[in-house]
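Reviewing the structure listed below.
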Amino acid sequence: MSTFQNIKGTFDILPDPYTDDGGTRVASTAEWRYVEDTLRDVMARHNFDEIRTPILEPTELVARGVGESTDIVQKEMFAFERGDTNYVLRPEVTAPVVRSFLQHHLEQRGGVQKLFYMGPCFRAEQPQKGRYRQFHQFGVEVLGTDDARADAETIAIMTALYEALGIADTRLRVNTLGTPDRREKYVEALRDYLEPYADDLSDTSRRRLERNPLRVLDTKLEHEQQIVQDAPQLIDYVNDESRAHYDRVKGLLDDLGVPYDEDPHLVRGLDYYTETTFELESAALGAQSALAGGGRERLFLALDAADVTLPGSADPDVFIAALGQDAERWVFRTTQKLRADGLHVALDLKGRSLKAQMKEANRQNAPYALIIGDNELEAREATVKEMESGEQVTVAFDELTEYLSTHASEGAEEAPVTGG
RNA sequence: GUGGACGUAGCUCAGUUGGUUAGAGCGCCAGGUUGUGGUCCUGGAGGUCGUGGGUUCAAAUCCCACCGUUCACCCCA
C-alpha cells in the first residue's frame, strides 16, 4: 500500500473504469467527458448558457444563501480563515451563481437569464455509498422570471437529460411547497396530526417529528406510509397564487407530454425551497432512489444501475513500431507529422523489441501497425499491417497520411466500453 | 458523533483444529520466434500478511489496542 491515499470521501477518475473499496463502479474519464458533453449539448438545445464560478467563495455568502441554521452550514462546510477573510469550498452552486449574476449585472444581457453549471462541490458529511465529500454537481438556474414556464422547462430539461443519456425507467413526482409562511402553518398541522401516532412510529421518525416533521413524510416503512397517507397535504395550505402557479406548471407539463405523478407529500430537506418542487427517481437505484430534485444529480449511480453503456477511450488509428536507432528517429519525426495531419498515432517510447511493440499495438487496439526498419527506410516504403486480418502491404512514405486517413477512419468505429 | 463489517501480490481472492520457504487466477515483464500482435507453452519480478503489543516452542491464523477502509444511522444530493 502506498503512503498517500486520496482523502476519504473523494475519488480519482482514471483512464479506465474501476471499482472502489465500497463496491461502487467509478466511471472513466472518457465516460465523464461523454456525460458532460451530452449535458452541454442538451442544455445548448434548450438555449441555456454555461456559467463557471470559483470553487472558493466567501463563507458568509454560502452561510446566508443556504441558511445559518442548516446542517450544511453548522457542520458540513470545509471552511478556513486566512488573513482577515473567511473562505469556504462551495457546498452548492446556487449562491455563487446568484452572487456572480448580481456582481456582473447579468440582467443587462437582457431578457431572462438561463444558466447551467457543473463542477465539484464539497461537504464534510460522513461518506457512504454514492455520497462523497467532493461530489460533482450539475444544476440550472433561471433568473429574471417567476413564470410557470420557467419551472416547467426546468423539469422538462431534467427528464430530457436522462433520456439523452439513456436512462429510461425514471419516475417524475411533483408538488408545490408554496411560500415559507404557509409552509410553517402546514408543519404545525402535520405535527398535530402525527403526535397521536407517536407510539407507532420508529425511533427515526419520532426523532424527525421533533426536529423536522416534514422529513417523516419520507419514511420508507410501510406501516408509517399508511399513517402518512392520510396526513394533511401541502396543497391545502398554500395560497391561491401558489396554487394557480402550480396548476399552470402541471398544465405545461401536460402540453409537453412529460408524464408525472402528483405527490402531495413530496417535500425537500432544506427550507429555502419554495413553490414547485420535483423529484426524478429511478427504480433501479432501490431505497435511495432520488436522482434529481432542484437540480441536484446522482448521475453515475443511475447510469450504473440502468446498465447504460458509454463510449470508452478512443483507440489510436495506427501504432508505429520502429526497429533500430535510425528508424526510431524517423518514426519519432513522422509521428508528429501524422498527428498534425489529424491522425491518432501511438508509438513505443521504451526502445522495446518488435515483438513487444506489436504486443502493445494489439493491447491498444490499433487497427493498423506500421513497421519501420532499415529495409523500409531504404525503400522509402512503410510496411503496413492490418491487425485483424494480419495482412501486410507496403505504402510509400509520401502516401502514408492519405492511406491511413482513408483506411483507418473506416475501421475505427469507436468501440463502446461495457459498463457494470 | 453512533452501530456493524472488513484489512494477505498491481487487481479479485484462497490460506484447514496455530506448524517449516505464504499461494491461485488475472494483469505486468521476458523467452520460445535475434523483423511481427492476439491463442499456446516456459520462466520472472512483485508481499514489513494494515500497525504495535500480548499468548505460544511456533501466529496471516488466538487475544488486546490503535490506524485505515467501508456500509448504515443522523442529514441530504
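Every value quoted in this text rests on a predicted model; they were computed, and no experiment measured them. Proteins come first, then strands; the chains are lettered A, B, ... in the order of their sequence lines, and each starts at number 1.
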Minimum heavy-atom distance Ala321(A)-Val331(A), with the two atoms named: O-CG2, 4.4 Å

Whole-Å gap separating C1' (C74(B)) and CG (Leu214(A)): 17 Å

B/S/- contact track for nucleotides 31-39 of chain B, protein heavy atom under 4.0 Å: -B--BBBB-

Donor + acceptor pair across side chains of Asp151(A), His245(A) (<3.5 Å): yes

Donor-acceptor under 3.5 Å (Arg133(A) side chain, Phe122(A) main chain): no

Separation of A77(B) C1' from Tyr117(A) OH (nearest whole Å): 11 Å

Thr38(A) side chain to Tyr34(A) backbone, donor-acceptor under 3.5 Å: yes

Touch class at under 4.0 angstrom, heavy-atom based, for Arg352(A) against every strand present: sugar-phosphate

Inter-nucleotide C1' distance (A45(B), C6(B)), Å rounded: 29 Å

Rounded distance (Å) that lies between atom C1' of A77(B) and atom CE of Met118(A): 16 Å

Nearest-angstrom distance, P atom, C71(B) to A60(B): 30 Å

Gly9(A) or Glu76(A), whichever maps to the more 5' nucleotide of RNA chain B: Gly9(A)

Closest-nucleotide 5' rank along RNA chain B - winner of Arg133(A) and Lys75(A): Lys75(A)

Pairwise P distance, C66(B) and A59(B) [rounded to whole Å]: 24 Å

Between G46(B) and C26(B) - C1' atom distance, rounded Å: 14 Å

Under 3.5 Å side-chain donor-acceptor pair for Thr179(A) and Asp181(A): yes

Between A77(B) (C1') and Tyr162(A) (OH): distance, integer Å: 10 Å

Nearest listed nucleotide, side chain of Glu125(A), among U69(B), C75(B), C71(B): C75(B)

Watson-Crick or G-U pairs under 3.5 Å in RNA chain B, rendered as dot-bracket with [ ] for crossing pairs and | for another strand: (((((((..((((.....[...)))).(((((.......))))).....(((((..]....))))))))))))....

Sugar-phosphate only, base, or nothing, as touched by Tyr18(A) at under 4.0 Å among non-hydrogen atoms: nothing

Phosphate OP1/OP2 of C76(B) contacted by Arg215(A) side-chain N/O (<4.0 Å): yes

Nearest-nucleotide pick for Gln5(A), side chain only, options being A77(B), U69(B), C71(B): U69(B)

Arg90(A) with Glu57(A): basic N within carboxylate O range, under 4.0 Å: no

Asn175(A)-Glu262(A) side chain donor-acceptor pair, cut-off 3.5 Å: no

Gap in Å between the two P atoms, one belonging to G53(B) and one to U16(B), rounded: 25 Å

N or O in side chain of Gln128(A) less than 4.0 angstrom from A72(B) OP1/OP2: yes

Touch class at under 4.0 angstrom, heavy-atom based, for Lys8(A) against every strand present: sugar-phosphate

Integer-rounded Å distance: C13(B) C1' and Asp21(A) CG: 14 Å

Inter-nucleotide P distance (G4(B), A9(B)), Å rounded: 27 Å

Of the listed nucleotides C73(B), G68(B), C75(B), the one nearest the side chain of Gln126(A): C73(B)

Carboxylate-amine/guanidinium proximity below 4.0 Å for Arg33(A) and Asp37(A): no

Separation between the C1' atoms of U21(B) and G47(B), rounded to whole Å: 14 Å

Side chains of Gln225(A) and Gln229(A), donor plus acceptor under 3.5 Å: no

Whole-Å gap separating P (A77(B)) and CZ (Phe138(A)): 17 Å

Distance-only donor-acceptor check, side chains Thr383(A) and Glu376(A), under 3.5 Å: yes

Check: Arg208(A) side chain, C75(B) base, donor-acceptor under 3.5 Å: no

Between C64(B) and U42(B) - C1' atom distance, rounded Å: 48 Å

Salt bridge present between Glu153(A) and Lys114(A) (N-O < 4.0 angstrom): yes

